[in-house]
Amino acid sequence: QVQVVESGGGLVQPGGSLRLSCAAAGSGFIIAGMSWFRQAPGKERKLVAGITSGGTTEYDDSVKGRFAISMDNAKKEVYLQMNSLKTEDTAVYFCSVVVPTQAGGRRAYWGQGTPVTVSS
């Protein structure tokens with residue numbers, strides 16, 4: 001079993017910055033990749049940024065140039081540095097940890113989410 005815990009959300013003014021952190025805990029697992037998703041009120045959850053254990057990253061177009069994802073493999077932690085925040089970035093941000101299974105597939109574990117509110 002993998003436990004996923006996010007932190008770092010809060011209230012910030014437009015143009016400000018926040019850094020989200022996510023830690024994966026448990027025993028006997030390796031990580032294939034970690035991602036950040038967000039869900040705004042009344043909308044579907046969507047990918048914001050992802051990173052593989054090898055360091056390959058991907059971003060949603062709406063955050064390219066403003067957000068940066070990074071991972072500490074040894075600590076099993078992932079971070080999301082969010083700069084130049086906009087009101088439309090307001091959402092609950094969820095961390096997803098993808099773990100290879102013994103059957104050859106992959107399984108995603110999710111955190112409870114951390115809210116980010118961008119408002120003046």
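Values below: every heavy atom of this structure, side chains too, minus hydrogens, waters and symmetry copies. Nothing fancy with the numbering, it's 1 onward along the sequence.
- For Y79, the side chain to side chain donor-acceptor pair (under 3.5 Å) test picks out E77, with sequence neighbours left out.
- The main-chain N or O of V118 is never found under 3.5 Å from a side-chain atom of T87 such that the two would form a donor-acceptor pair.
- Among all heavy-atom pairs drawn from Y59 and A49, the shortest one is CD2-CB, 3.6 Å.
- Between V116 and L20, some side-chain heavy-atom pair lies under the 4.5 Å cut-off.
- Note on F29 and V98: separate hydrophobic clusters, where clusters join Ile, Leu, Val, Met, Phe, Trp and Tyr whose side-chain heavy atoms are under 4.5 Å apart, directly or indirectly.
- Residues meeting the side chain to side chain donor-acceptor pair (under 3.5 Å) test with E6, sequence neighbours left out: none.
- Rounded to the nearest 0.5 angstrom, S35 OG and I51 CD1 are separated by 9.5 Å.
- Summarising the geometry, atom OG1 belonging to T57 is positioned 14.5 Å from atom CZ belonging to F67; distances are rounded to the nearest 0.5 Å.
- Applying the salt bridge (Lys or Arg N to Asp or Glu O under 4.0 Å) test to R66 and every residue at least two apart in sequence or in another chain returns D89.
- The hydrophobic side chain of I30 is isolated, with no ILVMFWY side chain under 4.5 Å apart from it.
- Nearest approach of V78 to S70, heavy atoms of both residues: CG2-O, 3.2 Å.
- Rounding to the nearest 0.5 Å places CG of D72 at 10.0 Å from CE of M34.
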side-chain contact (heavy atoms from CB on, under 4.5 Å) between V12 and S17, worked out:
CA-CA 7 Å; V12 63; S17 298; over 6 Å; no
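- To the nearest 0.5 angstrom, K46 atom NZ is 6.5 Å from R38 atom CZ.
- Within the structure, the side-chain hydrogen bond (donor to acceptor under 3.5 Å, both in side chains) test picks out no pair touching residues 94-103 (sequence neighbours left out).
- Within the 4.5 Å cutoff, no side-chain heavy atoms of S7 are placed close to those of T114.
- In the displayed structure, E88 atom CD is contacted under 6.0 Å by more than 12 heavy atoms of other residues, nucleotides or ligands.
- The other residues sharing a hydrophobic cluster with W110 are F37, L47, V92, F94, where clustering joins ILVMFWY side chains under 4.5 Å apart.
- Side-chain N or O atoms of Y93 include none that pairs as donor or acceptor with a backbone N or O of G8 at under 3.5 Å.
- We find the CD-NZ distance between E58 and K64 to be 9.0 Å, quoted to the nearest 0.5 Å.
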